[in-house]
Amino acid sequence: MIRFTLLLASLLFTGAVAAQAYPNRAVKVVVPWPPGQATDIAARVVAEKLQTVLGQPFVIENRPGAGGALGTEVVAKSAPDGYTILAASSGPISIMPNLQKTPYAPLADLAPVSLICMTPFALVVHPSFPANNAREFVAELKKNPGKYTFASSGTGATAHLFAELFNSMAQIQARHVPYKGSAPALTDVMNGNVTYAAETVAATQTHIKNGRLKSFGVTTARRTGAMPELTPLAEAAAIPGYDAAAWIGYAAPAGTPREALARISGEMQKLLATEELKARLVSLGLDARSSTPDEMASFMRAEQERYATIIRNANIKVEESNK
């Protein structure tokens with residue numbers, strides 16, 4: 001009995017030491033986007049802090065391609081040892097699998113670690129649009145179904161889905177004009193060629209402040225740190241329940257030890273609660289948000305279901321061409 005007790009104690013001690021020892025070498029963070037993109041920047045900001053508190057390098061590796069699917073597949077098929085992490089985001093995780101076949105199943109092939117931030121969007125129009133606020137904007141479109149147009153960064157893109165959700169909840173009808181990216185979409189709104197768009201606060205805030213765009217509010221249920229003067233559209237447009245934001249977080253291959261996930265997640269939660277990191281993300285147009293692995297798993301399930309509903313209700317097909 002004494003020998004068994006000693007053996008059990010030894011095993012528990014060894015397990016505890018192993019958990020504390022992680023990580024004992026460099027951790028690779030795969031970003032499925034090119035350098036400078038929002039997911040890349042957010043992943044780097046967190047990686048820099050993690051390597052300081054955990055004492056091991058967190059090395060960013062950009063693997064762009066196929067709308068984020070290439071790098072996501074790389075991680076999904078990597079060894080589940082805690083040393084390969086994915087900079088995960090809405091597009092390849094929550095949206096793409098609802099639009100087309102992907103070489104990975106996000107909810108089965110990935111183990112959530114923690115959210116990093118939410119990306120708020122703003123509803124913008126040309127300054128000359130004949131409405132002074134969101135309610136007047138909705139009223140004008142309701143009076144003229146099909147007359148107005150809205151731009152997005154591409155068919156099935158987050159901006160497209162957020163606008164479709166807004167249109168549906170506000171009970172308005174407008175024609176979608178897809179572009180190959182946010183920049184040309186916003187340029188045509190600023191030139192008056194397209195009526196409105198729902199685009200990231202990061203991409204729109206400079207144009208709003210210099211008067212080239214007028215905003216009727218943000219897509220999130222709460223005000224965003226980057227532009228706290230913008231009212232949530234749920235309130236401004238009188239559409240309760242409208243709450244839409246893209247997300248960025250860390251995930252690992254399915255089967256990664258829970259101890260490793262918990263270690264990284266725990267440190268991320270502490271870091272993302274600091275004013276320093278919150279302010280850094282706000283300066284990028286992002287709002288800090290962390291989670292436990294289980295909380296992120298529930299969040300990812302809910303997001304995939306929500307996007308599936310938006311895509312189905314709006315009958316969105318990726319075959320639609322972009323300008």
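Because only heavy atoms are used, hydrogens play no part in the values below, and waters and symmetry mates are left out as well, while side chains stay in.
The two residues V138 and A170 have their closest heavy-atom pair at CG1-O, 3.9 Å. Across K278 and A288, no two heavy atoms sit closer than the pair CG-CB, 4.0 Å. Between A69 and M96, the shortest heavy-atom distance links the atoms CB-SD, 3.7 Å. Contact detail for P253 and A76: the closest heavy-atom pair is CB-O, 4.4 Å. Considering every non-hydrogen atom in both P92 and P106, the closest pair reads O-CG, 4.4 Å. The shortest non-hydrogen separation linking V194 to A151 is CG1-N, 3.4 Å.
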(request) Starting from the C-alpha separation in whole Å, work towards a yes-or-no answer on side chain to side chain contact (heavy atoms under 4.5 Å, CB included) for T155 and K317. (result) CA-CA 7 Å; T155 301; K317 307 291 183 184; over 6 Å; no
(request) Give the intermediate values and the outcome of side chain to side chain contact (heavy atoms under 4.5 Å, CB included) for residues N132 and F216. (result) CA-CA 8 Å; N132 296 312; F216 291 130; over 6 Å; no
(message) Please evaluate residues V29 and V59 with respect to the criterion side chain to side chain contact (heavy atoms under 4.5 Å, CB included), reporting the C-alpha separation (whole Å), side-chain torsions for both, the decisive distance (0.1 Å), and the verdict.
(response) CA-CA 6 Å; V29 180; V59 182; over 6 Å; no
(request) Evaluate the side chain to side chain contact (heavy atoms under 4.5 Å, CB included) criterion for residues N62 and W33: first the C-alpha distance (whole Å), next the side-chain angles of each, then the deciding distance (0.1 Å), finally the verdict. (result) CA-CA 6 Å; N62 293 92; W33 303 99; 5.7 Å; no
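By the 4.5 Å heavy-atom criterion applied to side chains, E48 and F58 are not counted as neighbours. Looking at heavy atoms from C-beta onward, I208 lies out of side-chain contact with K214 at the 4.5 angstrom threshold. Between H160 and H176 the shortest side-chain heavy-atom distance falls below 4.5 Å. Two residues are said to be in side-chain contact when any heavy atoms from C-beta on lie closer than 4.5 Å; P120 and D287 meet this criterion. Using a 4.5 Å cut-off on side-chain heavy atoms (C-beta onward), Y250 and L86 make no contact. Side-chain contact between Q171 and K142 is present, with at least one heavy-atom pair separated by less than 4.5 Å. With contacts defined as side-chain heavy-atom distances shorter than 4.5 Å, the pair V218/R223 does not qualify. With contacts defined as side-chain heavy-atom distances shorter than 4.5 Å, the pair R258/P293 qualifies.
Residues L161 and F299 do not share a hydrophobic cluster, clusters being chains of Ile/Leu/Val/Met/Phe/Trp/Tyr side chains in contact below 4.5 Å. Criterion: ILVMFWY side-chain heavy atoms under 4.5 Å apart, direct or through other members. Under it, Y104 and Y307 are not part of a common hydrophobic cluster. I85 and L107 fall into different hydrophobic clusters, where Ile, Leu, Val, Met, Phe, Trp and Tyr are joined by side-chain heavy atoms under 4.5 Å apart, directly or via other members. Using a 4.5 Å cut-off between side-chain heavy atoms of Ile, Leu, Val, Met, Phe, Trp and Tyr, with links allowed through other members, M300 and V30 fall into the same hydrophobic cluster. Side-chain heavy atoms closer than 4.5 Å link hydrophobic residues (I, L, V, M, F, W, Y) into clusters, and following such links, possibly through other members, connects L272 to L54.
Cation-pi check for R175 over F150 is not met; the charged atom does not lie both under 6.0 angstrom from the ring centroid and within 45 degrees of its normal.
Remark: E276 CD is loosely packed, at most 12 non-hydrogen atoms of other residues, nucleotides or ligands lying under 6.0 Å away. Within a 6.0 Å radius of CZ in R44, more than 12 heavy atoms belonging to other residues, nucleotides or ligands are found. Around atom CZ of R63, no more than 12 heavy atoms belonging to other residues, nucleotides or ligands sit under 6.0 Å away. For Q100, the CD atom is densely surrounded, since the number of other residues' heavy atoms within 6.0 Å is greater than 12.
Rounding to the nearest 0.5 angstrom, the gap separating the CG atom in L271 from the CD1 atom in I264 is 11.5 Å. From T256, atom OG1 reaches atom CG of L261 across 5.5 Å, with rounding to the nearest 0.5 Å. Distance check, rounded to the nearest 0.5 Å: CD of E229 to OG1 of T224 gives 9.5 Å. To the nearest 0.5 Å, atom CD1 of residue I316 and atom CD1 of residue I310 are 7.5 Å apart. Taking CG of N193 as the start and CG of D188 as the end, the distance is 4.5 Å to the nearest 0.5 Å. A distance of 8.5 Å separates CG of D109 from OG1 of T102, quoted to the nearest 0.5 Å.
Each of F137, F129, F121 was evaluated against Y196; a single residue qualifies, F137, per the ring pair (Phe, Tyr, Trp, His ring centres under 6.0 Å) test. Among M268, Q56, R263, the one residue that satisfies the side chain to side chain contact (heavy atoms under 4.5 Å, CB included) test with L50 is M268.
Of the charged side-chain nitrogens involved, none lies within less than 4.0 Å of a carboxylate oxygen, so that K49 and E267 do not count as a salt-bridged pair. Using a 4.0 Å cut-off between charged side-chain N and carboxylate O, R301 and E303 make no salt bridge. Residues D243 and R306 are not paired through a salt bridge, judged by the lack of any N-O separation under 4.0 Å between the basic side chain and the carboxylate. For the pair E73 and K77, the salt-bridge criterion is met [side-chain N within less than 4.0 Å of a carboxylate O].
Inspection of the E140 and Y148 side chains reveals an N or O donor paired with an N or O acceptor under 3.5 Å. A donor-acceptor contact closer than 3.5 angstrom links the side chains of S182 and E199. Side-chain polar atoms of S265 and Q269 form a donor-acceptor pair below 3.5 angstrom. Y22 and D81 are not linked by any side-chain donor-acceptor pair at a separation below 3.5 angstrom, with hydrogens and angles left out of the test.
Relative ring orientation between Y242 and F166 is described as perpendicular, the plane-to-plane angle rising above 60° on a 0-90° scale split at 30° and 60°.
In terms of modelled atom types and a separation under 3.5 Å, the side chain of N144 and the main chain of K147 share no donor-acceptor contact. Using modelled atom types, no side-chain atom of T84 and backbone atom of V75 make a donor-acceptor pair closer than 3.5 Å. Not one N or O on the side chain of S291 forms a donor-acceptor pair closer than 3.5 Å with the backbone of S114. Judged by distance alone, the side chain of S168 and the main-chain N or O of E164 form no donor-acceptor pair under 3.5 Å. Remark: the backbone N or O of I116 is not paired with any side-chain donor or acceptor of S290 at under 3.5 angstrom. With hydrogens and angles disregarded, a donor-acceptor distance shorter than 3.5 Å links the side chain of T309 to the backbone of E305. Not one N or O on the side chain of T219 forms a donor-acceptor pair closer than 3.5 Å with the backbone of A245. Of the possible polar contacts, one joining the N98 side chain to the S94 backbone as a donor-acceptor pair under 3.5 Å is found.
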